[in-house]
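Values in this document were obtained by computation on a predicted structure and should not be read as measured data. Side-chain atoms are counted along with the backbone in the values below, which use heavy atoms only and exclude waters and symmetry mates.
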Amino acid sequence: MSQVAYSLAIDDKQPKLVETLRRAPGRPINQLLKDTILSAIYDVLAENGYQELTISRVARRSGVSTATVYRRWSTKQEMFFDALRLLRPMMAPDIDTGSLVSDVDALIDARVRFLNTPLGKSYGTLIGEAVHNLEMGELLREVSVVPAHETMKIFLKRAAERGERGFRHHPSSILDMLLGLIHFRAMDIFWPDPIDVDENIRDIQKICHIMMFDTNLITV
């Protein structure tokens with residue numbers, strides 16, 4: 001897997017996804033070249049969206065020939081899918097706060113903030129593409145939905161070991177509802193004014209809290 005690493009930097013008003021390329025000692029040049037191209041893919045997606053993502057545009061952005069890109073990916077979709085899979089850790093980052101409530105809060109926070117970045121906004125438009133593209137839909141599930149459910153299982157297992165109380169309703173149903181709400185609100189074209197990110201996070205966290213705290217112990 002590529003060593004492209006990401007961190008979320010926040011300025012006064014707008015969170016931004018900052019991409020950093022790191023080279024390990026003795027790193028193969030061909031992997032460095034692939035990382036550079038992947039970085040260009042994210043830039044094009046963030047600035048122009050999926051519809052404007054082309055191999056020639058990515059080649060120009062990365063400073064290589066189109067033939068160089070085609071040697072790695074034969075089609076735009078293959079190139080895009082490879083890049084999208086690297087975003088999986090951002091959809092469900094490694095979280096361990098010490099409590100179930102805080103873990104879930106942190107997961108909500110990470111997803112909302114990512115979707116508010118330029119790259120995240122581009123990601124949100126792919127849901128519409130997935131309606132007409134089965135492979136796209138399967139990949140979005142692989143990158144977005146599946147890791148979130150796997151992360152929730154980890155949260156529940158740790159919480160059960162700590163003897164914490166669980167959800168009032170089935171955690172998978174709660175997570176699906178939260179993901180639906182998070183992604184729907186990320187498409188802020190439905191509101192006359194942009195939704196405040198921090199307020200949105202707090203609101204979704206409160207909704208989740210209402211469905212937690214059953215008196216029974218958590219079951220995985």
Side-chain angles (χ1 to χ4, degrees), residues 1 6-8 10 15 17 84-117 119-131 134-191 193-220:
M1 177 173 284
Y6 298 90
S7 62
L8 199 62
I10 303 175
L17 193 65
L84 191 62
R85 286 190 174 95
L86 295 180
L87 297 181
R88 178 171 171 146
M90 300 205 68
M91 296 289 99
D94 186 18
I95 296 170
D96 186 358
T97 66
S99 79
L100 176 62
V101 175
S102 297
D103 283 348
V104 176
D105 280 353
L107 182 62
I108 292 170
D109 187 284
R111 180 69 66 107
V112 172
R113 292 194 187 281
F114 169 71
L115 290 175
N116 195 63
T117 64
L119 180 57
K121 289 180 183 296
S122 175
Y123 173 87
T125 65
L126 301 177
I127 297 175
E129 294 286 336
V131 173
L134 180 60
E135 288 182 282
M136 176 88 72
E138 291 174 348
L139 180 61
L140 289 180
R141 173 170 289 276
E142 172 193 333
V143 171
S144 179
V145 179
V146 172
H149 280 275
E150 290 174 349
T151 298
M152 182 67 82
K153 288 180 180 179
I154 294 172
F155 290 172
L156 291 169
K157 183 175 185 297
R158 288 198 304 245
E161 292 169 352
R162 293 190 295 259
E164 293 183 62
R165 294 177 296 167
F167 293 99
R168 291 180 182 274
H169 307 286
H170 196 285
S172 292
S173 298
I174 293 174
L175 181 59
D176 286 339
M177 186 275 299
L178 291 174
L179 292 176
L181 177 58
I182 288 170
H183 285 268
F184 179 75
R185 287 191 172 182
M187 297 184 290
D188 57 10
I189 58 174
F190 298 110
W191 287 268
D193 300 307
I195 300 176
D196 179 78
V197 178
D198 292 326
E199 181 180 349
N200 188 28
I201 291 170
R202 289 192 297 269
D203 190 33
I204 296 175
Q205 288 171 342
K206 287 177 182 178
I207 292 171
C208 184
H209 294 174
I210 292 171
M211 294 178 289
M212 296 178 70
F213 306 119
D214 198 297
T215 55
N216 297 319
L217 290 179
I218 297 167
T219 57
V220 179

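Here E164 contributes atom CD and L156 contributes atom CG; the two are 10.0 Å apart, rounded to the nearest 0.5 Å. Of the inter-residue distances, the one linking I182 atom CD1 with D109 atom CG reads 10.0 Å to the nearest 0.5 angstrom. Taking CD1 of I201 as the start and CD1 of I108 as the end, the distance is 9.0 Å to the nearest 0.5 Å. Rounding to the nearest 0.5 Å places CD1 of I210 at 12.5 Å from CD of Q205.
A donor-acceptor pair under 3.5 Å is formed between the side chain of R111 and the backbone N or O of M91. R85 contributes no side-chain N or O that, together with a main-chain N or O of E142, makes up a donor-acceptor pair within less than 3.5 Å. Formation of a donor-acceptor pair under 3.5 Å by the R162 side chain with backbone atoms of G98 is found in this model.
Listed here is the closest heavy atom pair of T151 and P93: CG2-O, 4.5 Å. For the residue pair A92 and L107, the shortest heavy atom distance occurs at CA-CD1, 4.0 Å. I95 approaches F155 most closely through the heavy-atom pair O-CE2, 3.6 Å. When all heavy atoms are compared, the tightest approach of L87 to F114 is CD1-CZ, 4.2 Å. When all heavy atoms of P171 and M152 are compared, the pair lying nearest together is CB-CG, 4.4 Å.
Note on D198 versus R113: salt bridge recorded, some NZ/NE/NH1/NH2 to OD/OE distance being below 4.0 Å.
Within the 4.5 Å cutoff, the side chain of L140 has heavy atoms near those of the L84 side chain. Residues V104 and H209 fail the side-chain proximity criterion, which asks for heavy atoms closer than 4.5 Å.
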